[in-house]
Amino acid sequence: MFTITNTSKIEPTTNNNETQDQASISICNLNVFADKHQILKEVNLVIPPKQVTCIIGPSGCGKTTLLRSLNRLHDNNSLFKVSGCVKIGDDDIYQAGVDVPALRRKMGLLAQRPTVLPMSIFENVAYGLRIGGLSDKTQLKKLVEENLVAVGLWDEVKNRLHHSASQLSIGQQQRLCLARAIAVDPLVLLGDEATSALDPISSRKVEELLISLKSRMSVVLVTHTLRQAKRIADYVAFMYMGELVEFGEATKIFTHPEKELTNDYLAGSFS
Amino acid sequence: MLITRKLKDTIATRLMVIITSGAVLFFVAIGLVLLVKGLPVIKSHSLTELLTTSNWKPMKGQFGFLTFIVSTLLVTLLALILSFPLALLSSIYLSEFSSQKIKKFFMPVIDLLSGIPPVIYGVWGTLTLVPFIADTLAPHFVDFSTGYSLLAGGIVLAVMILPLMISIFLEVMESTPQDLREASLSLGATRWETTTKVVLKRSTSGILAGVVLAISRAFGETIAVMMVCGNFTAMPKSLFDACYPLPALIANNYGEMMSMPDYESALMLAGFILFVIIIVFNTVSWFILKRIKRSL
């Protein structure tokens with residue numbers, strides 16, 4: 001089985017209260033429309049910093065839409081309209097004049113399927129760093145290695161760093177994407193069913209990595225599998241038909257949910 | 001029952017093999033006919049002489065193809081230089097930046113442009129472009145130009161291959177998964193950075209394939225270029241000089257004065273040269289494409 005041998009490498013770069021607050025997300029009265037269809041209805045939620053928060057709920061309940069509102073990925077689709085506020089730390093990200101690329105840099109994204117860019121393994125990890133203006137080669141090499149070590153991929157790829165990243169297995173690709181996302185040191189890592197395309201072993205590896213990352217950043221994960229949420233979540237948000245039904249500590253939600261709807265969903269009455 | 005079904009299967013397979021090889025056979029047959037018909041002129045003159053001199057005096061039995069070969073290459077190159085940046089930027093805009101509404105408006109227009117018959121482009125070139133070059137543009141650079149020129153041919157050809165390139169480029173860029181764009185955006189890249197570093201990078205081989213197709217079309221384009229390029233048998237010395245590409249040579253002369261010795265043979269050889277240029281060109285680009293694909 002996979003063990004994280006290099007957890008020591010994953011250390012919070014700064015560990016004071018300031019970054020704690022910056023890594024919290026408060027969502028108030030968030031509404032999202034796609035054309036005339038309302039996908040999210042008056043969502044109010046505070047996601048605590050440096051914890052793993054899982055968003056669960058049946059298909060089509062708006063989990064992914066919620067996640068994508070957090071780094072303004074709806075911006076490029078003119079059909080989507082967003083209202084309400086989302087604050088990362090103290091900054092409302094939907095305010096006019098927000099530097100969207102800089103905002104997205106603070107919000108790492110791990111997609112459902114691995115999204116390796118059409119370049120080498122090394123360049124994939126270096127991509128975000130280069131975009132951020134880092135061009136010093138030794139520094140790049142150091143950071144690429146550090147982050148590949150952090151996701152447990154270094155030993156597997158150190159001899160073929162300059163080979164095309166698409167040659168890696170799906171599980172390795174997803175860990176590469178994780179390395180790429182955390183290389184730019186985001187405040188929050190967003191995962192959209194980040195393990196659903198992976199085999200069980202790779203899936204476990206990614207789960208363990210996500211848990212290990214919470215010392216560095218907040219992790220928000222949309223997931224379809226309740227067992228996964230049980231394994232890794234500190235907090236759980238349950239959504240249904242575009243509304244947030246219940247939010248709370250994972251142990252409480254899974255053992256004593258307040259709402260009947262949550263209870264029914266957890267019991268498997270509907271999915 | 002099983003035997004009949006197996007028989008049908010075999011017959012269908014064989015039939016399809018024959019039909020497919022038919023297409024290849026046509027290609028070989030055309031090449032062979034051109035070569036065989038062109039042989040007499042190769043025998044009476046040497047191939048080097050034919051390809052490296054530019055004396056074209058059929059009455060005196062002189063057949064130097066250099067002017068025509070150079071004209072063909074220059075017109076095509078010029079068309080490519082003019083249209084490639086436009087096609088690339090247009091398709092980047094439509095694929096990555098424009099709204100759905102704008103795209104929905106432009107796509108049919110572009111398709112329409114590629115459906116316009118070449119002769120119309122030729123007439124347009126003759127009526128507007130040629131006088132513009134002769135009266136307005138050329139006087140700034142040269143003493144005299146009729147306007148029927150390399151430049152006119154290049155521009156007309158550029159306009160003709162532009163819609164083809166845009167639609168191919170667009171298709172290639174749009175095949176980039178949205179996930180990849182989002183991966184790049186979520187690392188803090190701007191749309192332009194995402195376009196150049198991810199979308200274009202991933203589309204390189206497709207874009208090159210589009211260029212190859214456009215060039216192949218440009219090499220063979222006859223009527224529109226013929227109407228504006230002047231068809232004068234002398235090596236063009238500037239953009240404002242007349243030129244005479246191979247297809248125009250064949251179209252203008254085939255069927256006339258065929259009684260002259262070796263004349264028909266020379267024109268067939270012109271066809272064969274064009275044929276070879278296109279084969280060489282396609283083969284080279286095939287190798288380049290293969291290398292690019294391997295590196296991605």
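Keep in mind it's a predicted model, so treat the numbers as computed, not measured. Quick note: numbers below take in every heavy atom, side chains included, and nothing from hydrogens, waters or symmetry partners.
Considering every non-hydrogen atom in both B/Val198 and A/Leu117, the closest pair reads CG2-CD2, 3.8 Å. When all heavy atoms of A/Arg180 and B/Ala183 are compared, the closest pair comes out as NH2-CB, 3.4 Å. Closest approach of B/Ala189 to A/Pro101, counting heavy atoms only: O-CB, 4.3 Å.
In A/Lys87, the NZ atom is not crowded: 12 or fewer heavy atoms of neighbouring residues, nucleotides or ligands sit closer than 6.0 Å. Within 6.0 Å of the CZ atom in B/Phe106, the count of heavy atoms belonging to other residues, nucleotides or ligands does not exceed 12. Applying the 6.0 Å contact sphere to CD of B/Gln178 captures more than 12 heavy atoms from other residues, nucleotides or ligands.
For residues 62-73 of chain A, a heavy-atom distance under 4.5 Å to chain B picks out A/Arg68, A/Asn71, A/Leu73, given by residue number.
The CG atom of A/Asn77 sits 8.0 Å away from the CD atom of B/Gln100 when rounded to the nearest 0.5 Å. With values rounded to the nearest 0.5 angstrom, A/Leu109 atom CG is found 8.5 Å from B/Leu187 atom CG. Rounding to the nearest 0.5 angstrom, the gap separating the CZ atom in A/Arg104 from the OG1 atom in B/Thr190 is 10.0 Å. Rounding to the nearest 0.5 Å gives a distance of 11.5 Å between CE of A/Met119 and CZ of B/Arg202. The distance from the OG atom of B/Ser99 to the CG atom of A/Leu79 is 10.0 Å, given to the nearest 0.5 Å. Going from atom OG of B/Ser186 over to atom CG of A/Leu189 covers 9.5 Å, rounded to the nearest 0.5 Å.
Using a 4.5 Å cut-off between heavy atoms, B/Lys101 does not touch chain A at all. Contact of B/Ser184 with chain A is made through backbone and side chain together, with heavy-atom distances under 4.5 Å. Looking at B/Arg191, the atoms closer than 4.5 Å to chain A (heavy atoms on both sides) all sit in the side chain, from C-beta outward. When heavy atoms are compared at a cutoff of 4.5 Å, A/Asn76 approaches chain B solely by way of its side chain, counted from C-beta outward.
Taking 4.5 Å as the limit, every side-chain heavy atom of A/Val116 sits out of range of all side-chain heavy atoms of B/Leu180. Using a 4.5 Å cut-off on side-chain heavy atoms (C-beta onward), B/Glu193 and A/Ile131 make contact.
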